Chemist: 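Can you read through this structure? Questions will come right after.
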Protein chains: 2
Amino acid sequence: MIDFKATPDGLDIYFKDHLILRHTAELPCFYLGRGYDMITAYRGNYHIEDHVISRVPLPRYEIDGDTVVFSLYDTKLAVTFTVLKQRLHLSFSTADAINRLWIRLFAEPEENIYGCGVQASYFNLRGRNYPLWTSEAGVGRDKKSLMTFYADLLDRAGGDYHTTYYPETTFISTRKYWCHVHTTAYAQFDFRAPDFHELHMWDVPETMVLEFAPDYPSLIERLTDFTGRPPKLPEYLHEGITLGLQGGTDTVKRILENTEKQGVIVNGLWCQDWVGHNYTSFGKRLYWNWIWNDQLYPELDQFMASLRDKGQHLMGYICPFLLKDETLFKTAEAHGYLALNKKGQTYIEDFGEFDCGIVDLTHPDAFAWYKAHIKTHLIDFGFSGWMADFGEYLPVDCVLHNGIDAKKMHNAWPVLWARCNYEAVEERGKLGEVFYFMRAGGHGSQRYATTMWAGDQSVIWEEHDGIASVTPIALSSGMTGIPYMHSDIGGYTSLHGNIRTQELFERWCEMSVFSAYMRTHEGNRPAENFQFYHSVDTLRFMARMTRLRRVLKPYIRHLVDEAADKGLPMQRPLFMHYPDDPRCYTIQNAFLFGSDVLVHPVVKAGAVEQTVYLPKDRWVHVFSGTRYEGGDVTVNAPLGQPPVFYREDATMQDVLARMKDIDTEYEER
Amino acid sequence: MIDFKATPDGLDIYFKDHLILRHTAELPCFYLGRGYDMITAYRGNYHIEDHVISRVPLPRYEIDGDTVVFSLYDTKLAVTFTVLKQRLHLSFSTADAINRLWIRLFAEPEENIYGCGVQASYFNLRGRNYPLWTSEAGVGRDKKSLMTFYADLLDRAGGDYHTTYYPETTFISTRKYWCHVHTTAYAQFDFRAPDFHELHMWDVPETMVLEFAPDYPSLIERLTDFTGRPPKLPEYLHEGITLGLQGGTDTVKRILENTEKQGVIVNGLWCQDWVGHNYTSFGKRLYWNWIWNDQLYPELDQFMASLRDKGQHLMGYICPFLLKDETLFKTAEAHGYLALNKKGQTYIEDFGEFDCGIVDLTHPDAFAWYKAHIKTHLIDFGFSGWMADFGEYLPVDCVLHNGIDAKKMHNAWPVLWARCNYEAVEERGKLGEVFYFMRAGGHGSQRYATTMWAGDQSVIWEEHDGIASVTPIALSSGMTGIPYMHSDIGGYTSLHGNIRTQELFERWCEMSVFSAYMRTHEGNRPAENFQFYHSVDTLRFMARMTRLRRVLKPYIRHLVDEAADKGLPMQRPLFMHYPDDPRCYTIQNAFLFGSDVLVHPVVKAGAVEQTVYLPKDRWVHVFSGTRYEGGDVTVNAPLGQPPVFYREDATMQDVLARMKDIDTEYEER
């Protein structure tokens, strides 16, 4: 399956007849070097500079069995090519002093690249360079927007097209292969050149793995065979909505009652402030000592039980940082469970007007202790789920128990944090029943993160942050093997003059019907922003949308089965099922929900119609019943009628056809 | 004088007992490589990215006489060390395919670096990386300012701390050497590391030259022995002011009369619009066909003669671009004197709503033709001087007659343009009498630019652009061997809401008394901005300031003599004459005007006093007569009393003491 073909000026390496590496003496495919970094961090935002000392091309090669040694005299890289389970493995061996590697993978000019974790700005990564480093995603994420300018100026927090909570050295090519480089060091995957992809790592990775498949669904299946897949989503998420509420037992009870009174189907409450509050200039934050605050939430245990009787669930919140000088911090510090600074003292991280210690998840005892805390204080306490927040902040200058440089553990941290939650649930025998949602990720999140959410969008309409970025996030993570994605309905970040409007909330709500599940968030500044309980109209709107979700329940169950069996994401790019249609490769603001529903969310303020591209097929527009056979079509799309189409030939055609009945059903109540 | 000293792990190279290069196998002092660039240009603003293919360290060395061959097997760089006129010359020889060189010059942690042409943001370059590429300087030049944000967003024109019209691969170290690298390729001089300066060039330069001197004045003298020095400034510039006026013969006559009526000493008029106008959204531009517009300026020749009778001079304007389809353009195109595009057609450059051709100054006939044009249409016509504008725009994708890549000619262009003007004046025998002022520069401007001006500051008070940046510009260019610097009084660029105020104009005017000469500019949007002729108060203010200048005339003449003899800049950093005072090395907003006058211009709106650092000496504050012996002193500094001090022991103490009499003199009129 591996062919080394000598060429007049070098070597071409093929795998299953696909050209993988094109090596010439003039432009070698491997470069080794040394460098040192300059990394500055501020509240999860990183400024990273590389100072390359050397970048030595390796023009010569010598083949010895399945190993090719590329070299320039005594600078040598041995690359061993092996095939395991239809996958091509490249393993690397070189001198210890080397800390920079550049690989030039063969590329075709028309090839597209997708994946690399969560990428919010551009779904197709071709034509850009992608630093891969977990961090805050950024506020605005567009150096041409004033919001980004102010976020940069005031908080160094503006971000850029590539900043992400979840980077991964894994991608899918339209040459129909997936590729994973096994490293957690800082990396840059540069997809700008027409004839190669340059994969650059700040270490020499153990291996790089590559596998071809005949079509995109099987490519995802093979990728997720490799990465692992998460447990199924709990059934109750397939209908209704989870309300993100805060303010204490009485407050959330009252809002729940009012919400249900308007016909909203509620499957649970998410009370992130079960631990109490902490007020900062950023907004309302949580009190980072992860135990029940029975002042704010008296009788929470009883309330939880009464909810469960109604088939409703309660969700909480936790992260791997502990508020300084509070009880958990003190316990952890006393046992040596916190990460240290270079002086051997407890590492204190500034989270914006409050300080925390870091649970050292590389310390087996600390890991076990925190896992036990999750078991007792979250699972046993009765939570069905929680937000497992903040995996992206591991400081690069802390000292960890396992002795590995924090710069190499930084990208590994989100997955370690995911695994801590995973094992807690697994050891309580509740996988598939209890779940948690994460924003930070890395290689392994496919298995260890029971679900992801899209992170902290701003409460705006803009392309690189806000409602419009949610679909690219779902699509790119889906192409990395993450099947379940959802987002904060209404968005989260209200800064620099952005205030959530009722319209934005409702557009976000109707879009979220077609995601892993529906969950609202009050945002960072609840009092200043629109909340659904401010408006009876919005409550009725939510009632309709949750009925729409209920109609879809059998179909959603089917998608979750597909995710469990094959890793297929619930939200898919159009080209996954229409690979012969070139237009489908360029679309990042519409998606297939499973194979039979096409959604093009409205993400423009004031819009009343939407132009949608339909690949050649027999489509029915849900709310008008109009039939289409493909092409660009414009449909009415007032609030509450998201532009959704289903395939007339769908197996579940009868289920999908019922989507239009939500108003009739409403009238009948 | 050159010592090669073997060390346990490498080689130390000394020149006159100073360590120059510290080479080890681990961290070699030379790196060779290859790369390709991506340069995008928009109206003189450049976005430059380097794609390094290889950067090969050269760990081994072999000494053969005065040549050291550094190598990694067959990648070799031969460096020949020779001494000529007390200067150390390094000449380089390597394979043709190499187009990247990195030199690591030995550095001490406390060393400061100054020069590299005009640097407006930071006088001391240590701690930063300096791309050296001639371009527009930028509007705002501070990524944290809203002005820069808008300039970037709307025109890609915001710039940054390092963007400059005049970059030069020449600097001065506080180890008391100057260094010049002989290249016009794109370069980056990186002064960030504590133990080396990394000089990076996109070619392998012919030579690098380095010379030590015992003190800073002799260092400048030796540097300008090497670079050459300009002719003396014409005497008439030493007193009075040149008025930048526009609008036609009648208008400028009327303003001149009104100005003189208030006692302003006027040495000349600068009528840049002698060619007529061109209105764009940027503002009032010139009609780029460099011939007298006798519609706008009827009887200009007679007017010029009448001025000369009064001892006053007229100045014009020219640049090396020709308005498309106009007479000069047509002539040049017909003779093949214009630069071409890759298709062999005339290269057309967009200057913002109008298009131009480029006189190909590498074509000897074109050079001669344009020089002849300057002789006849500017010198013979009667101009005493002109602005020789726009040397920084040579497009990187044009094709030149000399066959050299435009990317390598880009940085050479300003000096070629300077030489064209220089030869015109020289061949008319008028060096020292007729002069021109330039903003773009490079190695050779020291000789060929009769004077420089500081470029287009914004009409604001900010640090990186505007009035506050004028002193760093004068100091850095002075340390590059440019003795004469001045600026547009009142600033130039009025964009993004910045409007020139009366106060800004007057502060700029009082600062400019202590520069090479005083010249006003109406700015890019004359009608919207404050002009001196709007206010009788300002005219009287200018009368006082021009009297101050007249008082200084003998002293200024002395400074011009020093410039001619030794290259000493008129405006000097404090450390030049107080090298033992560490504070003096950190000051970039105050300067010595010659050795005996210290000026700390007020560059803050609303300020009425100024704190000034005085090195240990006997100083007299001009306007109060108070004596100081050094340290931080705060003096009254209302408008019209710039914070100026003179040395009590100055040779011209009697001249300098008269500065305080300008008001008495006024009363006596």
Side-chain angles (χ1 to χ4, degrees), chain A residues 24-36 38 47 49-60 71-76 95 97-98 100 102 104 127-129 140 142-156 158 160 188 190 192-196 198 200 496, chain B residues 24-36 38 47 49-60 71-76 95 97-98 100 102 104 127-129 140 142-156 158 160 188 190 192-196 198 200 496:
Chain A
T24 66
E26 180 72 7
L27 289 173
C29 56
F30 294 103
Y31 302 78
L32 288 178
R34 291 193 304 130
Y36 58 97
M38 275 179 51
H47 179 76
E49 266 185 53
D50 194 7
H51 295 251
V52 173
I53 298 170
S54 59
R55 175 181 159 132
V56 179
L58 305 177
R60 296 172 199 183
S71 66
L72 183 69
Y73 298 96
D74 51 1
T75 305
K76 290 179 184 179
I98 297 298
R100 296 287 185 276
W102 293 261
R104 288 192 167 180
R128 290 187 174 79
N129 180 33
D142 175 5
K143 296 301 184 201
K144 295 187 169 179
S145 84
L146 260 184
M147 171 174 42
T148 308
F149 174 79
Y150 283 116
D152 276 336
L153 185 69
L154 304 173
D155 309 309
R156 307 186 211 170
D160 209 335
Q188 287 198 13
D190 187 344
R192 283 178 293 183
D195 48 349
F196 58 84
E198 188 166 279
H200 174 39
H496 314 304
Chain B
T24 66
E26 181 72 7
L27 289 173
C29 57
F30 293 102
Y31 302 78
L32 288 179
R34 289 192 304 131
Y36 58 99
M38 275 178 51
H47 179 76
E49 266 184 54
D50 193 8
H51 295 251
V52 173
I53 298 170
S54 59
R55 175 181 160 132
V56 179
L58 305 177
R60 295 172 200 181
S71 66
L72 182 69
Y73 298 96
D74 51 1
T75 306
K76 291 180 182 177
I98 297 298
R100 297 288 184 274
W102 293 262
R104 288 192 167 181
R128 289 188 176 79
N129 180 34
D142 175 5
K143 296 302 184 199
K144 295 188 170 177
S145 84
L146 261 183
M147 172 175 40
T148 307
F149 174 79
Y150 283 116
D152 277 335
L153 184 68
L154 304 174
D155 309 309
R156 307 187 211 169
D160 209 335
Q188 287 198 11
D190 186 345
R192 284 178 295 182
D195 48 349
F196 58 85
E198 188 165 280
H200 174 38
H496 315 304

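Throughout, protein chains are lettered first and strands after them, A, B, ... in sequence-line order, and every chain is numbered starting at 1. Computed from a prediction, not measured in an experiment: that's the story for all the values here. Atom set for the values below is all heavy atoms of this structure, side chains included, hydrogens, waters and symmetry mates excluded.
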Chemist: Do the charged groups of B:Asp50 and B:Arg100 touch, with an N to O distance under 4.0 Å?
Modeler: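 A salt bridge is present here (some side-chain N lies under 4.0 Å from a carboxylate O).
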Chemist: Taking B:Ser54, B:Ala193, B:Pro57, B:Pro28 one by one, which has the highest count of heavy-atom pairs under 4.5 Å against chain A?
Modeler: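 Highest number of pairs under 4.5 Å: B:Ser54.
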Chemist: Taking side chain as everything from C-beta outward and backbone as N, CA, C, O, which of these in A:Asp74 sits under 4.5 Å from a heavy atom of chain B? Side chain, backbone, both or neither.
Modeler: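 Both backbone and side chain.
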Chemist: Tell me, side chain or backbone of B:Ile53 under 4.5 Å from chain A's heavy atoms, or both, or neither?
Modeler: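 Both parts, heavy atoms under 4.5 Å.
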Chemist: Measuring only between side-chain heavy atoms, which start at C-beta, is B:His496 closer than 4.5 Å to B:Leu154?
Modeler: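 In contact.
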Chemist: I'd like to know which of A:Leu146, A:Thr75, A:Val56, A:Asp190 tops the heavy-atom pair count under 4.5 Å against chain B.
Modeler: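 Most heavy-atom pairs under 4.5 Å with chain B: A:Leu146.
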Chemist: Where does B:Glu49 contact chain A at under 4.5 Å (heavy atoms): side chain, backbone, both or neither?
Modeler: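 When you check distances to chain A, only side chain atoms of B:Glu49 fall under 4.5 Å.
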Chemist: With a 4.5 angstrom heavy-atom cut-off, is it the side chain or the backbone of A:Glu198 that approaches chain B, or both, or neither?
Modeler: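 It is neither, since no heavy atom gets under 4.5 Å.
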Chemist: Does any non-hydrogen side-chain atom of A:Glu26 lie less than 4.5 Å from one of B:Arg34?
Modeler: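 Side chain of B:Arg34 against side chain of A:Glu26, heavy atoms only: contact under 4.5 Å found.
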Chemist: Should the ring pair A:Trp102 and A:His200 be called parallel, tilted or perpendicular, given that the plane angle runs from 0 to 90° and is split at 30 and 60?
Modeler: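 Parallel: the ring planes of A:Trp102 and A:His200 meet at under 30°.
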Chemist: For B:Tyr73, is it the side chain, the backbone, both, or neither that has a heavy atom closer than 4.5 Å to a heavy atom of chain A?
Modeler: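 B:Tyr73 touches chain A through backbone and side-chain heavy atoms alike.
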Chemist: First locate atom CG of A:Asn129, then atom CZ of A:Arg192, and finally report the distance between them rounded to the nearest 0.5 Å.
Modeler: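 That separation rounds to 4.5 Å.
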Chemist: Measure the shortest side-chain to side-chain distance between B:Val52 and A:Val52 over non-hydrogen atoms and say whether it is less than 4.5 angstrom.
Modeler: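 Answer no - side chains too far apart.
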